[in-house]
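Protein chains get the first letters and strands the later ones, always in sequence-line order, with residue 1 at the start of each.
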Amino acid sequence: MLKKRAQELLVAAFEALQIPVSAETIRLEIPRQEFGDLATNVALTLAKRLRKPPRAIAEQIAEVLRTMAEDLAQVEVAGPGFINLRFTPQFYHQMLRQIVGQGAQWGRHQAEHPLSVNVEFVSANPTGPLHLGHGRNAAIGDTLANLYEWMGHTVVREYYFNNAGNQMRMLALSIYARYRQLLGDADYPLPEDGYRGEYITDIARSLVEQYGDQLRQGTEEQLQLIQKKGEEWCFRMIRQTLDRIGVQFDVYFNEDRLYTEGKIEEVIALFRQKGLVYEKDGALWLKLTAVGRPQDRVIVKSTGEPTYRLPDIAYHREKFERGYDVLIDVFGADHIATAEDVKAALAALGYDVSRLKVILYQFVTLLEDGKPVKMSKRSGKTYTLDTLIDEVGADVVRFFFLMRSVSKHLEFDLNLAREQSEKNPVFYLQYAHARIASIFRKMDERGIAISEAAMMEGIEQLQQPEELALIKELARFPEVIEAAATAAEPVILADYLRDVATAFHRFYHQHPVLGADSPLREGRVALLHATQTTLRNGLAILGVSAPERM
RNA sequence: GCGCCCGUAGCUCAGCAGGAUAGAGCAGCGGACUUCUAAUCCGCAGGUCGCAGGUUCGAAUCCUGCCGGGCGCGCCA
C-alpha cells in the first residue's frame, strides 16, 4: 500500500514536470529508518538519459512532491540523489483503518485477470514413506499454491504418481520376501535392490493376517495382489503424513492413464510428424539436440517400453491441454536435466513453455549435534518425514522447510527444531499471536467490549514511533504476498512475518493496551486486531498454526 | 570434461532488475519483569561480502577466469 501510493505520487510528479517515465522504472525501497519511510533512486537512473546531474533532477521532483502531496510529511534529497519520503501519521492511520475494515480478507488480492494455476508437487511413487526431501517439496508446493490463491487465482493441487513400473514390482518382491520370512522361511532372500524399510515387514504382516499362507507360492497373480496391497498401504501412509502437515490434493494423476488413454502414442506420433525421432540400436530416440539440448535421449527402449521421459512429456502435454494458464512443477535439484528436456520437447510440440514454471529446490541435510545424519536408502536407514513430525511437530517442520530460499541447500538443525524455547524462530511468530490473543481474553474477562466504530475513532491517537512502525510493517503485507508469489519464494513471507512479530513485540513492550486511557486504548486495540490478522493470515499461507495461547 | 545451484559475522542465513555507514537470528558479553504471557525487550562486540581481473561516476549485486561445496550428465525413475 505504501509503495503503491508513493509510486502514484511520483508518477504524478513526473507528469507535472513533463518528464516521460514509466511506472516500472520508479523503484522504491525501504531505507534505513533515519532516511525515511521509503526511498527511490529514480533520479540516479534518469541522470544519464536527461543529461542532468542526479541531485538536480531529484530536487526538481522533490519540489513538486512537496507542493502536491498531503500524505507526505517530508520529502528530502540526500546522498548522490536519493529522494527520501516520509508519510504523515494521518496517512498511516488511514491505512490501519483500511486493514481493520478488511478483516479476515486482509492481504488477499483481487486479480485483474484471475488465472487458473496447476501446482504439481510431492508426486512420490507409492513405494514407501515420505522422506525429508518430500517434506520440503510438500511445504514449498503447498505454500506456493496458497500464495497463488491469495493473489486471486484459482489453484489445482496435483499429485502425479506411477504405480506400474519397475519400482512397484520391486516393492511387491520385497514384501513377498518378508512375507515368506514371516511364514518361517527365515533365509528367504530379499531381492538385491529390494526395499529394506520396516514398513515392508508391516505390510507383509498384514498379508499374513489377511491371507495366512495362501500367497506362499508367489505366482504372478499373487504378486499382483501383493503389489496392489503394497501400493494401497504406501499411499495410505503417504496421505496420512501429508495430512499431518496440512497438505491435501485436488487431483491424483495416475501415470497409467497416459497409456490407457493413448496419450503416449499421440506424443510419439507428433514427434514423428515433426521429424524429431529416429531409430537407433533398436530404440526410439528423441532428437533433443535439434531443440538446443546437449544430447538426444531414448524415449522407447529396444524392449518396447518407454523410458520415464516419454510419459513425463505426455503428462505435461496433458496438463497443457487441460487449459491451465500456468503450470508449476516442484522438483528436487536432481531433476534439472530432465526438466529441461521436458520443456524443450514441449516447446518443440508448439506449447508455450513460458507458462510452465519449474521450481527446483536444493537438497535437505539433517543436522544433529552439528553433524549431518547419514541416510542410506539401500539399508532402509532413512529419516522419514513422519519421524521428523513426531519429533518436532508439524508447525516446526513446515516452517523450517520454508525459512530458506528454495535455491539454497537447506540445513535442518534437529537440535534447534527440537528446542521448545525462544531460540526456535517459529515460536517467535506464534508467541506474538498468542500474546495478542491473551490480551483479548483479558478484555473478555474484564467485560470490555469495543465496537469497530470506536476502534476507528481511536486510531488517530496512535502517534508513538512503535505504533507507527508497526502499522508501516503491517501495510506491507499485500506487497509481500505478491513478491513471494512472483518470486516463488516462501522465505520472503517467512522473513516478513518475523519483522511483523518484532515490530509488535517492541510495541507491546513499550505501550500498555488495556491500561491506556480511552480513546487511545481503542486505537491500540485496533492495532492489535490488524497485527493478529496479519500474523494469522501469513502463518496460514505458510501452513503454520496460529495458537491462542502458548 | 559439460550443465544447474551455492560460497556474505564463530554458526545458519537476508540483501544481489548497481547506488547513501553491508543486515537478521543463534552463539558471546552486559542490562530490563509490583503493570495486558520475559517463548519478550534494550545495549555491546563481531565482516578484506571465496580469490583475481573487468564494466561503471559508483559493484556483495553485472561480465570473465580461477578456487571450494552440492546436484545432475543411463535403453533407472
Q. In terms of base orientation, is B/rA17 syn or anti, with the syn window spanning 90° either side of 0?
A. syn

Q: Taking syn as within 90° of 0 and anti otherwise, name the glycosidic form of B/rC29.
A: anti

Less than 4.0 angstrom between a side-chain N/O of [X] and OP1 or OP2 of [N], yes or no?
X	N	answer
A/Tyr428	B/rC41	yes
A/Gln362	B/rG69	no
A/Lys280	B/rC75	no
A/Arg435	B/rA38	yes
A/Lys442	B/rU37	yes
A/Ser407	B/rC6	yes
A/Lys408	B/rG7	yes
A/Ser405	B/rA14	yes

Q: Provide the distance between the two C1' atoms, one in B/rA27 and one in B/rG10, to the nearest whole Å.
A: 8 Å

Q) Using the C1' atom in both, what is the distance from B/rC67 to B/rG50, to the nearest Å? A) 7 Å

Q | A/Asp495, nearest nucleotide to its side chain (from B/rU37, B/rC75, B/rA14) | A | B/rA14

So what does [X] hit on the nucleic acid, given a heavy-atom distance under 4.0 Å: a base, only sugar-phosphate, or nothing?
X	result
A/Pro512	base
A/Arg549	base
A/Asp499	nothing
A/Ala434	base

Output one line per pair: protein atom, nucleotide atom from nucleotides 17-21 of chain B, and distance, for all N/O pairs under 3.5 Å.
{"from": "B/rG18", "atom 1": "OP1", "to": "A/Arg27", "atom 2": "NH2", "distance (Å)": "2.6"}
{"from": "B/rA20", "atom 1": "N6", "to": "A/Asn84", "atom 2": "OD1", "distance (Å)": "3.0"}
{"from": "B/rA20", "atom 1": "N1", "to": "A/Asn84", "atom 2": "OD1", "distance (Å)": "3.4"}
{"from": "B/rA20", "atom 1": "N1", "to": "A/Asn84", "atom 2": "ND2", "distance (Å)": "3.0"}
{"from": "B/rU21", "atom 1": "O4", "to": "A/Glu34", "atom 2": "OE2", "distance (Å)": "3.3"}

Q: Would you kindly check whether a donor in the side chain of A/Ser302 faces an acceptor in the base of B/rC75, or vice versa, at under 3.5 angstrom?
A: yes

Q) Can you find a donor-acceptor pair, distance only, under 3.5 Å between A/Tyr431 side chain and B/rA39 base? A) no

Q.
Within 45 degrees of the ring normal and closer than 6.0 Å to the centroid, is that where the cationic atom of A/Arg435 sits relative to A/Tyr508?
A. yes

Q) Could you state the CG-P distance from A/Leu410 to B/rU12, rounded to the nearest angstrom? A) 12 Å

Q | Distance, rounded to the nearest Å, where A/Arg506 contributes CZ and B/rC41 contributes C1' | A | 9 Å

